[in-house]
Amino acid sequence: MRIIVCIKQVPDTTEVAIDEKKGVLKREGVDSRLNPYDLYALETALRIKAEKGAEVIVISMGPMQAEAVIKEAYYMGADSGILLSDRKFAGADTLATAYTLAQGIKKIGSFDLVITGQQTTDGDTAQVGPAVAEFLGLPHICYVTGIKDVSPNSLTVVTDMLDTLETQSLQLPALLTVARDIYQPRLISYRLKLSSKDREITVLNYNDLSQNQGSAALEDEYFGLSSSPTQVERIFPPSSVISREILEENPHILVKKTILKLKELKII
Amino acid sequence: MSYLAVDHDRCILCGECTSSCPFNALILEDKLEILDTCRLCKICIEICPTDALFIKQDSSKKTDISSFRDVLVFAEQRDGKLSGVVFELIAKGRELATKLNQKLYVVLIGSKTEELVEKLSDYPVDGIYIYDHKELSYYRAEPYTAVLEDLISDIRPSIFLIGATQVGRSLAPKIATRQRTGLTADCTFIDVKPNGDLVQIRPAFGGNVMAQIVTPNHRPQLATVRPKVMEQAKPSLDHPTKISYRDIKPQMLQSGIRFVSIEPKLKEVSITEADILVAVGRGLKKAEDLNLIEELAQSLGAMVAVTRPLVELGWAPQTRQVGLSGRTVRPKLFIACGISGAIQHVAGMSSSDFIIAINKDKTAPIFDTCHFGLVGDMYEILPLLIKELREVKTLVAESRWPNA
Ligand SMILES: Cc1cc2nc3c(=O)[nH]c(=O)nc-3n(C[C@H](O)[C@H](O)[C@H](O)COP(=O)(O)OP(=O)(O)OC[C@H]3O[C@@H](n4cnc5c(N)ncnc54)[C@H](O)[C@@H]3O)c2cc1C
């Protein structure tokens with residue numbers, strides 16, 4: 001079985017810097033890490049590998065520094081990694097990101113399963129997984145909370161729909177986005193860190209992924225900022241409520257006034 | 001779809017643009033050249049003294065946006081029940097359609113949908129499109145996408161709103177991708193410009209900033225809308241609603257997913273459903289003191305919610321957490337006890353109808369969010385409040401049954 005896990009490098013803090021002028025995230029100078037949600041995707045793949053035997057390939061789109069998260073995936077047990085990196089991929093919205101990842105996955109050739117985290121901690125959109133599935137023509141299920149059965153041609157999974165648990169089976173190849181807490185992600189292994197020290201990372205750029213050789217436009221392409229349908233128009237701080245009453249008195253008076261307020265609100 | 005271009009007749013080779021470009025994408029040889037490192041930041045366009053630089057739309061790829069009009073809303077149903085967010089989408093969709101002088105349509109996908117159609121037609125929508133088939137009773141990404149593709153290609157809506165539920169957030173990206181159009185996730189504010197561009201606002205980067213997003217050159221404009229943030233529509237019986245059952249072709253039902261089983265979770269009612277929430281934070285000294293909070297909640301018919309630290313301490317389950325990494329709630333009344341009002345917490349409760357805060361620190365940021373603030377020790381205030389509420393209750397009970 002061949003499993004592809006999509007991973008992303010994200011800024012380490014919520015105190016991110018924003019380039020207000022361009023409406024894009026400034027990545028320079030901010031500490032980064034592997035998107036925490038992707039740890040669950042990777043763990044899911046590694047558990048299937050341990051139980052059924054599988055090759056686990058991680059793929060990421062990002063600047064060259066994103067090699068760090070591919071390395072981290074190696075230290076957890078991934079077999080190989082691909083980084084899609086080109087200036088032309090920069091500034092992508094979810095459609096362009098998903099397109100680029102899908103083009104990269106097509107380069108891998110045959111595979112059985114694609115797993116992504118449910119969302120990232122920077123964009124928080126949860127859109128890239130299902131969009132990759134569409135570009136690749138795969139059935140997909142989101143927010144998977146458990147894998148019940150893995151067979152060569154199908155997978156049975158459970159999703160938590162808040163009020164119900166749904167069990168569904170998917171024909172392979174397919175794509176899953178897994179929920180936080182599906183499994184406890186493993187820590188980095190020191191042994192794997194040593195043994196994968198020299199393992200290569202395949203880097204693919206625009207020329208490797210583009211279908212359009214030369215100037216002839218063979219197919220529509222959706223790489224980077226200029227191919228992103230959504231545009232950030234403006235970024236601003238969240239606002240707070242206007243009319244308010246703040247009381248500073250002895251507790252008995254505070255409680256009397258609260259009771260009056262609750263009556264006024266028709267709560268009591 | 002668009003790129004930077006230069007009008008060589010206007011360009012005076014002054015070099016202002018080359019030195020201001022943050023991406024070194026402009027170079028001066030015997031004429032100005034634009035490299036593919038350009039990220040369309042437009043700084044050069046503003047700087048150019050002769051207006052020689054401009055953004056060129058690649059017309060071959062541009063969607064003819066003028067052929068799209070009207071607002072479409074996804075009426076999500078699960079297990080024969082409409083999701084609450086549907087009525088919020090109808091209210092918002094109605095507002096947008098009225099502003100644009102366009103129509104509001106609803107699409108319903110499911111099986112045995114008659115009752116739901118009847119219910120929806122009580123609301124101010126101009127038309128309901130229904131795809132009814134037993135294979136559509138449960139959400140599966142491919143058939144739902146196929147029928148929506150069928151509808152979109154037929155009615156060509158300019159705006160398509162979907163609830164940001166688990167189903168909506170799985171379905172919307174698939175449709176947006178199939179249509180090669182833009183999608184904005186989990187919007188908390190939606191409006192429309194006179195030219196028909198949808199203004200989509202959502203919290204980003206951990207709730208520290210709000211981002212306003214548009215999809216200027218593509219249609220339909222898709223957005224998922226966070227549940228419980230917007231007002232719900234009210235029924236309006238004098239609004240005529242056209243009902244259209246749509247044909248379903250067998251290939252639309254093809255799917256690589258098979259439904260195996262659905263079982264109810266032994267669930268407690270979610271805090272997102274509660275009318276009144278009594279929430280408590282790190283002002284709580286020990287787990288046992290939750291009894292005090294529970295007592296207050298009981299006297300108001302409320303549920304108890306918490307901040308993240310209490311979940312991390314193991315004092316309360318994650319399902320009770322309000323905030324960015326917890327639930328978004330919008331009760332009629334939210335009482336915040338011993339909660340500082342961190343931005344990540346406020347993100348999940350700030351749209352409550354009325355917020356009362358109790359905190360002993362009068363500089364706590366929660367006092368910037370609440371409507372009614374009590375500066376004081378909750379360990380003094382809450383027992384008194386519980387006692388008073390009990391008295392009010394017995395008075396009411398006695399006045400109702402004076403002879404009992
Ligand atoms: C990415 C991210 C996501 C997060 N998501 C969430 C989330 O979803 N939900 C969430 O809640 N937090 C979240 N947080 C954490 C958040 O930043 C705050 O740390 C948290 O909300 C603080 O909780 P608190 O108000 O209970 O505690 P504190 O900030 O410690 O505040 C306790 C308050 O109680 C008051 N107090 C103490 N004793 C008393 C007393 N006797 N009477 C009255 N008042 C008293 C104090 O004055 C203080 O204001 C997140 C953080 C990050 C970085």
Side-chain angles (χ1 to χ4, degrees), chain A residues 14 16 18 22 87-88 90-91 94-95 98 122 125-127 130-131 133-135 139-143 156 161-171 174 220 225-227 229-238 240-241 243-248 251-252 254-255 258-259 261 265 267-268, chain B residues 1-3 36-37 39-41 61 141-142 166 169-170 173-174 176-178 181-185 205-216 218 255-265 267 270 300 333 354 362 367-376 380-381 384-385 388 392:
Chain A
T14 48
V16 288
I18 288 149
K22 280 171 261 150
R87 287 242 170 92
K88 285 194 177 152
T94 55
L95 185 85
D122 55 351
T125 71
Q127 287 173 183
E134 172 63 16
F135 276 123
H140 80 265
I141 294 183
C142 292
Y143 304 106
T156 308
M161 301 298 283
L162 302 181
D163 48 353
T164 55
L165 290 174
E166 297 185 358
T167 305
Q168 298 173 82
S169 81
L170 299 103
Q171 272 165 22
D220 285 350
L225 182 69
S226 65
S227 294
T230 60
Q231 294 178 7
V232 177
E233 264 197 333
R234 153 175 103 94
I235 284 170
F236 57 99
S240 46
V241 186
S243 102
R244 66 178 70 86
E245 247 175 295
I246 310 294
L247 310 177
E248 222 184 321
H252 289 276
L254 287 179
V255 167
T258 306
I259 294 286
K261 191 48 121 184
L265 293 168
I267 300 283
I268 50 175
Chain B
M1 328 267 136
S2 51
Y3 55 92
D36 55 21
T37 51
R39 284 174 59 180
L40 291 181
C41 72
K61 280 189 198 165
E142 313 107 294
Q166 274 176 307
R169 292 185 82 170
S170 165
K174 190 161 172 86
T177 304
R178 175 113 7 135
T181 188
L183 168 64
T184 305
F205 315 126
N208 289 318
V209 283
M210 306 297 287
Q212 176 171 323
I213 295 166
V214 289
T215 306
H218 296 74
S255 172
I257 300 168
R258 193 169 51 81
F259 217 88
V260 178
S261 65
I262 177 165
E263 50 193 285
K265 253 169 66 179
K267 67 146 190 181
S270 162
L300 287 165
L333 175 64
F354 199 85
K362 69 174 174 193
F367 289 126
D368 300 328
T369 303
C370 72
H371 303 85
F372 195 74
L374 309 177
V375 181
E380 287 176 29
I381 295 171
L384 290 171
L385 186 59
E388 289 275 345
V392 175

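- With a 4.5 Å cut-off on side-chain heavy atoms, B:Ile262 and A:Thr167 do not count as touching.
- The CD atom of B:Glu263 lies 13.5 Å from the CE atom of A:Met161; values are rounded to the nearest 0.5 Å.
- Contacts between B:Leu183 and chain A at a heavy-atom distance below 4.5 Å involve backbone atoms as well as side-chain atoms.
- Counting all heavy atoms, side chain and backbone alike, A:Ser169 lies closest to B:Val260 at N-CG2, 3.8 Å.
- Smallest separation of non-hydrogen atoms from A:Leu265 and B:Phe354: CD1-CD2, 3.5 Å.
- Put simply, of A:Thr164, A:Ile268, A:Ile267, the one with the most heavy-atom pairs under 4.5 Å next to chain B is A:Thr164.
- A 6.0 Å sphere centred on CZ of B:Arg178 holds more than 12 heavy atoms belonging to other residues, nucleotides or ligands.
- Side-chain contact check for B:Leu384 versus A:His252: some heavy-atom pair is nearer than 4.5 Å.
- At a threshold of 4.5 Å between non-hydrogen side-chain atoms, the residues B:Pro173 and A:Glu134 do not count as touching.
- Judged by distance alone, the side chain of A:Arg244 and the main-chain N or O of B:Phe372 form no donor-acceptor pair under 3.5 Å.
- Atom CD1 of B:Ile257 sits about 7.0 Å away from atom NE2 of A:His140, to the nearest 0.5 Å.
- Considering all non-hydrogen atoms of both residues, B:Ile381 and A:Pro251 come closest at CG1-CB, 4.2 Å.
- Within the 4.5 Å cutoff, the side chain of A:Leu247 has no heavy atoms near those of the B:Val375 side chain.
- Side-chain contact between A:Ile259 and B:Leu385 is present, with heavy atoms from C-beta onward closer than 4.5 Å.
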> When you look at B:Lys362 and A:Glu248, which way does the side chain to side chain contact (heavy atoms under 4.5 Å, CB included) test go after all the steps?
Replying inline: CA-CA 8 Å; B:Lys362 69 174 174 193; A:Glu248 222 184 321; 3.4 Å; yes
> Going through the checks in order, is the side chain to side chain contact (heavy atoms under 4.5 Å, CB included) test met by B:Ser261 and A:Leu165?
Replying inline: CA-CA 8 Å; B:Ser261 65; A:Leu165 290 174; over 6 Å; no
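- When atom types are taken as modelled, the side chain of B:Arg169 and the backbone of A:Thr125 share a donor-acceptor pair closer than 3.5 angstrom.
- In this structure, CD in A:Gln127 is found 11.5 Å from OG in B:Ser170, a value given to the nearest 0.5 Å.
- Heavy-atom distances place both the backbone and the side chain of B:Lys174 under 4.5 Å from chain A.
- Heavy atoms closer than 4.5 Å to chain B are found in both the backbone and the side chain of A:Ala131.
- No other option in B:Leu333, B:Val214, B:Leu374, B:Ile213 has as many heavy-atom pairs under 4.5 Å with chain A as B:Val214.
- Both the backbone and the side chain of B:Glu388 come within contact range of chain A, with heavy atoms under 4.5 Å apart.
- Under the 3.5 Å distance criterion, the side-chain polar atoms of A:Gln231 are left unmatched by any main-chain donor or acceptor of B:Thr215.
- Only the backbone of B:Thr181 comes within less than 4.5 Å of a heavy atom of chain A; no side-chain atom from C-beta onward does.
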